[in-house]
Amino acid sequence: MPIETSQHLLALRSQKNAQVAHNLARLWEIARHSHSAEHILKQLHPWGASGCLKFDNSLAIFIALLAVLLLLPLLAYPTLIWAQLLFLAALGLGFLSYLLYAPQAPIQEIIKALEHRMIQKRYALDYHSMPSALGRPLSSALVLSQLKQRFPIFDRGSISNDIPFFACSTWQEANGQTHQVLIFQYHYVNQLSLPSKDKQTGHSQEIHRDLWGVFIFDLDHDFSTFAVSTEHKKLPYPYHLPWHSSDIQLRERVYIGGENPLDLAKKITPSLSLKLANFFARRRGELYIDQEQNILCYLGREDLMSMTKQEKKIDDISALRGHLRTLRLPQLERLQQQLLVLLE
């Protein structure tokens with residue numbers, strides 16, 4: 001019977017969407033209480049029940065199409081009563097379709113939350129926190145302000161110079177020595193004046209730019225205070241005195257400056273020169289070392305929090321697990337590897 005068939009299809013749809021809602025609730029529990037990246041992946045396999053992550057909206061779409069069809073007679077015969085009654089029926093069906101439709105936004109929301117959690121656990125990131133090497137600061141804003149004043153490279157913006165994102169972590173060298181690091185995003189805004197056609201009145205436009213970098217604390221190396229920049233510009237004080245390397249390739253790629261060129265000649269050994277040349281071979285940015293505070297600061301163009309993502313559509317738990325398993329921050333991994341080699 002058509003009625004029995006309709007009831008069966010409606011029951012199947014309700015069961016399927018209820019299972020998807022249950023899956024979302026389980027995923028939120030995993031996102032909240034997971035303590036490692038491996039723990040997240042283990043919780044996703046085996047899943048047990050149906051792992052569907054897509055609400056079934058076929059009934060809602062069918063009813064919406066039916067409502068549209070019922071509107072057509074009103075366009076042809078707007079004065080007839082039966083066409084007006086069909087119009088009222090179409091409004092009712094449209095409202096019913098709206099009530100039955102289950103948006104997919106909650107699914108995308110939990111996927112983003114799991115991505116965020118996976119990256120946090122895989123790279124041991126503590127978002128919007130300061131490394132313990134800085135003690136217990138009264139406020140993160142105060143510490144960031146002090147770091148920005150210590151390294152004279154955060155004045156590119158004429159309107160604003162902000163660090164909207166930062167996260168602390170710990171990196172380990174091959175010899176076992178660990179360093180506390182602060183990964184950050186530097187956002188600055190400049191104002192550009194644009195003349196009008198009559199050259200009498202003009203308007204201004206704000207130009208927003210983003211750079212990414214890291215602070216590395218507790219350097220246990222015999223470095224001198226120096227800076228290296230691929231922009232070949234005169235560096236600010238106390239990195240203002242130029243030093244010219246005997247390495248032709250390094251001299252062509254970067255500009256090196258410090259507060260004591262004689263000390264730089266002793267501390268920048270051929271081995272360190274080679275490391276610097278390799279580091280800046282395919283990288284544009286600036287590297288500053290503050291010997292007094294034992295802090296390294298690197299600032300570059302690469303988005304360190306840019307994730308590699310699969311293009312495959314995620315519509316079940318298996319696809320979600322495969323996506324999370326391959327989730328990486330390639331720019332951050334590459335920078336970490338190269339900076340640790342530089343510090344060896």
Side-chain angles (χ1 to χ4, degrees), residues 4-65 96-129 165 167-170 183 185 212 302-337:
E4 294 179 353
T5 303
S6 301
Q7 290 177 340
H8 180 66
L9 292 176
L10 184 59
L12 287 178
R13 173 197 171 276
S14 300
Q15 292 176 4
K16 182 178 180 180
N17 285 354
Q19 181 61 52
V20 174
H22 178 69
N23 291 342
L24 295 182
R26 284 182 62 182
L27 291 176
W28 277 114
E29 287 296 315
I30 294 174
R32 292 190 188 101
H33 301 108
S34 57
H35 51 75
S36 67
E38 285 301 319
H39 184 242
I40 295 176
L41 296 177
K42 287 181 180 179
Q43 297 252 42
L44 296 178
H45 181 76
W47 188 253
S50 171
C52 182
L53 286 178
K54 184 179 180 180
F55 287 112
D56 182 6
N57 287 311
S58 56
L59 180 60
I61 295 174
F62 172 77
I63 294 177
L65 292 176
L96 178 62
S97 174
Y98 171 77
L99 294 178
L100 292 175
Y101 185 82
Q104 309 293 340
I107 299 175
Q108 298 304 317
E109 184 179 354
I110 183 56
I111 291 176
K112 289 185 179 298
L114 285 170
E115 289 177 348
H116 185 273
R117 191 68 168 171
M118 194 74 180
I119 290 297
Q120 180 186 18
K121 295 302 181 181
R122 175 164 284 163
Y123 295 95
L125 298 175
D126 194 355
Y127 296 113
H128 297 283
S129 297
F165 169 84
C168 67
S169 184
T170 301
I183 304 158
Q185 175 192 9
W212 292 80
E302 303 84 4
D303 184 351
L304 299 181
M305 299 304 295
S306 176
M307 294 183 290
T308 56
K309 293 186 178 182
Q310 292 182 342
E311 297 297 331
K312 184 180 177 181
K313 189 175 181 180
I314 300 174
D315 53 10
D316 56 39
I317 298 297
S318 177
L320 175 62
R321 186 175 185 274
H323 168 70
L324 296 177
R325 187 177 62 249
T326 58
L327 202 62
R328 290 290 188 276
L329 298 178
Q331 297 294 348
L332 181 61
E333 288 184 4
R334 192 175 301 115
L335 179 63
Q336 176 183 353
Q337 180 184 10

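All residue numbers in this chain count up from 1 along the given sequence.
By the salt bridge (charged side-chain N to carboxylate O under 4.0 Å, His left out) test, E109 pairs with no residue at all, sequence neighbours left out. Scanning for side-chain hydrogen bond (donor to acceptor under 3.5 Å, both in side chains) contacts around S50 gives an empty result, with sequence neighbours left out. For D126, the side-chain hydrogen bond (donor to acceptor under 3.5 Å, both in side chains) test picks out S129, with sequence neighbours left out. Qualifying side-chain hydrogen bond (donor to acceptor under 3.5 Å, both in side chains) partners for H35, counting only residues two or more places apart in sequence or in other chains: none. A64 is linked by a side chain to side chain contact (heavy atoms under 4.5 Å, CB included) to S97, counting only residues two or more places apart in sequence or in another chain. In terms of the side-chain hydrogen bond (donor to acceptor under 3.5 Å, both in side chains) criterion, residue partners of Q185 (sequence neighbours excluded) are, by chain and number, D210.
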Could you pull out every donor-acceptor pair under 3.5 Å between side chains of residues 36-43 and any protein atom, sequence neighbours left out?
unit_1: S36; atom_1: OG; unit_2: H39; atom_2: N; d: 3.1
unit_1: H39; atom_1: NE2; unit_2: Q43; atom_2: NE2; d: 3.1

Compile the donor-acceptor pairs under 3.5 Å between side chains in residues 110-120 and protein atoms, sequence neighbours left out, one pair per line.
unit_1: E115; atom_1: OE2; unit_2: H323; atom_2: NE2; d: 2.6
unit_1: R117; atom_1: NE; unit_2: A31; atom_2: O; d: 3.1
unit_1: R117; atom_1: NE; unit_2: S34; atom_2: OG; d: 3.4
unit_1: R117; atom_1: NH1; unit_2: Q120; atom_2: OE1; d: 3.2
unit_1: R117; atom_1: NH2; unit_2: S34; atom_2: O; d: 2.9

Starting from the C-alpha separation in whole Å, work towards a yes-or-no answer on side chain to side chain contact (heavy atoms under 4.5 Å, CB included) for T308 and T326.
-> CA-CA 8 Å; T308 56; T326 58; over 6 Å; no

Is there a side chain to side chain contact (heavy atoms under 4.5 Å, CB included) between L53 and L24 once you walk through the steps?
-> CA-CA 8 Å; L53 286 178; L24 295 182; 4.1 Å; yes

CA sep, side-chain torsions, deciding dist, call: I107, Q104, side chain to side chain contact (heavy atoms under 4.5 Å, CB included) = CA-CA 5 Å; I107 299 175; Q104 309 293 340; 3.2 Å; yes

Where do S318 and D316 land on the side-chain hydrogen bond (donor to acceptor under 3.5 Å, both in side chains) test, with the steps shown first?
-> CA-CA 6 Å; S318 177; D316 56 39; 4.6 Å; no

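For NZ of K121, the number of neighbouring non-hydrogen atoms (other residues, nucleotides, ligands) closer than 6.0 Å is greater than 12. At most 12 heavy atoms of other shown residues, nucleotides or ligands fall within 6.0 angstrom of atom OH in Y98.
H128 and F165 have perpendicular rings, their planes meeting at more than 60° on a 0 to 90° scale where under 30° would count as parallel.
With values rounded to the nearest 0.5 angstrom, D56 atom CG is found 5.5 Å from N17 atom CG. For the atom pair R32 CZ and E29 CD, the distance stands at 5.5 Å (nearest 0.5 Å). Between D315 atom CG and L320 atom CG the span is 10.5 Å, to the nearest 0.5 Å. Rounded to the nearest 0.5 angstrom, E333 CD and R122 CZ are separated by 8.5 Å.
Looking at L332 and W212, their side chains never come closer than 4.5 Å, going by heavy atoms from C-beta outward. With a 4.5 Å cut-off on side-chain heavy atoms, L304 and L329 do not count as touching. For the pair Q331/M305, no side-chain contact is recorded, criterion being any heavy-atom separation below 4.5 Å from C-beta on.
In this structure, N57 contributes its side chain and Y101 its backbone to no donor-acceptor pair below 3.5 Å. Without hydrogens or angle criteria, S169 side chain to Y123 main chain gives a donor-acceptor distance under 3.5 Å.
Here side-chain hydrogen bond (donor to acceptor under 3.5 Å, both in side chains) pairs that include residues 19-28, with residues two or more places apart or in two chains, are Q19-N23, N23-W47.
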